[in-house]
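Just so we're on the same page: letters track the sequence lines, and every chain starts at 1.
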Protein chains: 4
Amino acid sequence: MARGVNKVILIGNLGQDPETRYTPNGNAVVNLNLATDESYKDRQTGQLVPKTEWHRIVLFGKVAEVAGQYLRKGSKVYIEGKLQTRKWQGQDGQDRYTTEVVVDINGQMQMLDSRGGEGGMSQGAPAGRPQQSNYNAPAGQQNAPAQGQQSGGYNQPSQGSMPEPVDDFDDDIPF
Amino acid sequence: MARGVNKVILIGNLGQDPETRYTPNGNAVVNLNLATDESYKDRQTGQLVPKTEWHRIVLFGKVAEVAGQYLRKGSKVYIEGKLQTRKWQGQDGQDRYTTEVVVDINGQMQMLDSRGGEGGMSQGAPAGRPQQSNYNAPAGQQNAPAQGQQSGGYNQPSQGSMPEPVDDFDDDIPF
Amino acid sequence: MARGVNKVILIGNLGQDPETRYTPNGNAVVNLNLATDESYKDRQTGQLVPKTEWHRIVLFGKVAEVAGQYLRKGSKVYIEGKLQTRKWQGQDGQDRYTTEVVVDINGQMQMLDSRGGEGGMSQGAPAGRPQQSNYNAPAGQQNAPAQGQQSGGYNQPSQGSMPEPVDDFDDDIPF
Amino acid sequence: MARGVNKVILIGNLGQDPETRYTPNGNAVVNLNLATDESYKDRQTGQLVPKTEWHRIVLFGKVAEVAGQYLRKGSKVYIEGKLQTRKWQGQDGQDRYTTEVVVDINGQMQMLDSRGGEGGMSQGAPAGRPQQSNYNAPAGQQNAPAQGQQSGGYNQPSQGSMPEPVDDFDDDIPF
DNA sequence: TTTT
DNA sequence: TTTT
């Protein structure tokens, strides 16, 4: 289904809790802000300078549910997805572009926080963590897109189908 | 030098000829517009729908020289680099962001057009091709940044150093 | 379905025509011998020395059919798969191990020979090419495992299904 | 320096402590046994069956020193390297082949155990851990290849140079 | 031989 | 804007 290669591999940490939305069909769509760290040697000073790159990740389907349920601010995660640049309109009516890493059925997400409070693969929601109301809403059920989530507007891109244009993000600047 | 992973792998075709610039130090900086193709099955119609994703690639150093010299509109190429989002100011004074795939000494570029005239690994510039004046300017020499290219402003990011902000792109909208 | 990452990405050329087998279920299993080239600078002489690495690739399912049909000795190809080490018995009864790159439904194969006689995505078998009798045998049909191929014995490892034990390779030394 | 792509990306856990050797030049060469886990659905039973794949990793240079110093049995690690198949002679005089994932200056190694005592990026050797005598032997110094390590025989493959044949592994079966 |  |  592809006559090219478009692959992104990231390991980094979440800058904040995942944002979970649901499509009209009840499929989870999760956004992550992921930081990858690098350091380089300054040519003037010879000092090692840290540099953080931020990535916007969008997960669909099963992997979105797991991400929304178990990842939290600070979580370390492996992401494999593809690059996608989305066009949107600024308040001034001008076109803007946002590049995201899309993780769908062809991608992968691996939680890298082992043992202990941060999550992992353990079943059940760890205590002491803010629960999101629709967390366990089974994909495909109609009860999922509850209040605050009508915003949805995503189609589930399973096996190649693409997310539809999003017209009602919380604010005007999605990145 | 890294406490994370930030890797992009692409195979696609150039939408246009490479754009070559030179830094004040005479190092080549090359921009590519790369298309990766995918097709997905439309859920309504069951039709296979082609979809093209465009990527902005920036190459530095030796690999930039090779890209600028041998790649052309339509060339098929393998790219391995990292994601980097650059902030710039629109004419309206507002912040804009552009995400690029940066190919530096840690990255890779492979030409995938095997046929004769289009390039490959062959030495020497093929005949019948528009030559760019500063093509063979050895990196690090002072003759490189000729008129129209003082604009430079890139530092060569070899082994971790970062590109400096670019303040005088041809136009206001670099993507 | 994975609590780890096991990924291989190769671009190289086939050392010989693909070898196609069929499982008892009529699914294609294709073996490729793939060369990846690299060159390194000899520390004594300073010379650039070419070095070829050979990889054994095994493709299953749909991608196997395409590979068997269109790839030929010399074809350039992109492979994405996973590492798998298989144990087998030498004639002397001792254990041997062979590591292969397995391309199943989670992997990818891209033909990189563009335009012209070498293949590409073109429909129909190019003329003047040795046809293999069972080439177009649809997967899942019983006519596939003809003589010389009962050897099969692979299960298709797509998304979890595993290769069955292989007991009758053509010869004793599969690598 | 390459006319192909040969890349391996793994995330898994060490089956045992790293084995550190030194070349005659005092450069560290470290071997890891890495397990990557996957599970697949059995087609008969419908059960989810776990499957572990074992990988032999060889690290050279700086990354080898870090690996030897901080990784331990059970450590989770990200590995980026290239495939290399090495020929050796069995006791019976017959050729054997072993495929390894080589991590040199072009590769990467990331420790993924964040928790305290097990390593991470912290300076200095954590207490309560078996120290290896030649741990801090600076590369290139003659004191490194102490007893039990004359075996060495590796050249450091920095930037493309290749490991020389190894003729005196501890035992006859290196994998 | 690891890990969850 | 590319390619098949």
* To do: For B:Thr52, answer base if it contacts any base atom (sugar-phosphate contacts may also be present), sugar-phosphate if it contacts only those atoms, and nothing otherwise; contact means non-hydrogen atoms under 4.0 Å.
  => base
* Kindly point out which of F:dT1, E:dT2, F:dT2 is positioned nearest to the side chain of B:Asn33? => F:dT1
* To do: For D:Ala64, enumerate each residue passing the side-chain contact (heavy atoms from CB on, under 4.5 Å) test, keeping only those at least two apart in sequence or located in another chain.
  => D:Ala28, D:Val30, D:Leu59
* To do: Check the distance between E:dT3's P and D:Gln16's CD and give it to me in whole angstrom.
  => 12 Å
* To do: Measure from CG on B:Leu71 to C1' on F:dT3 and round the result to the nearest Å.
  => 14 Å
* What is the distance from CG of B:Leu112 to C1' of F:dT2, rounded to the nearest Å? -> 14 Å
* Structure fact -> B:Trp54 and A:Thr85 have their tightest heavy-atom pair at O-OG1, 4.3 Å
* To do: Indicate yes or no: at least one non-hydrogen side-chain atom of D:Val77 is less than 4.5 angstrom from one of D:Leu112.
  => no
* To the nearest Å, give me how far apart CD1 (B:Ile79) and P (F:dT2) are. => 18 Å
* Under the side chain to side chain donor-acceptor pair (under 3.5 Å) test, which residues partner C:Glu80, sequence neighbours left out? -> A:Lys7, C:Lys7, C:Tyr78
* Could you tell me the separation between the OH atom of C:Tyr97 and the C1' atom of E:dT1, rounded to a whole number of Å? => 12 Å
* Return the value, rounded to whole Å, for the distance between atom CG of D:Asp17 and atom P of E:dT3. => 11 Å
* Asked: Starting at CG of B:Leu34 and ending at C1' of F:dT3, how long is that distance when rounded to a whole Å?
  -> 10 Å
* Looking at the side chain of D:Trp54, which of E:dT1, F:dT3, F:dT1 is the nearest nucleotide? -> E:dT1
* Give the rounded distance in Å between these two atoms: CG of B:Asn13 and C1' of F:dT2. => 5 Å
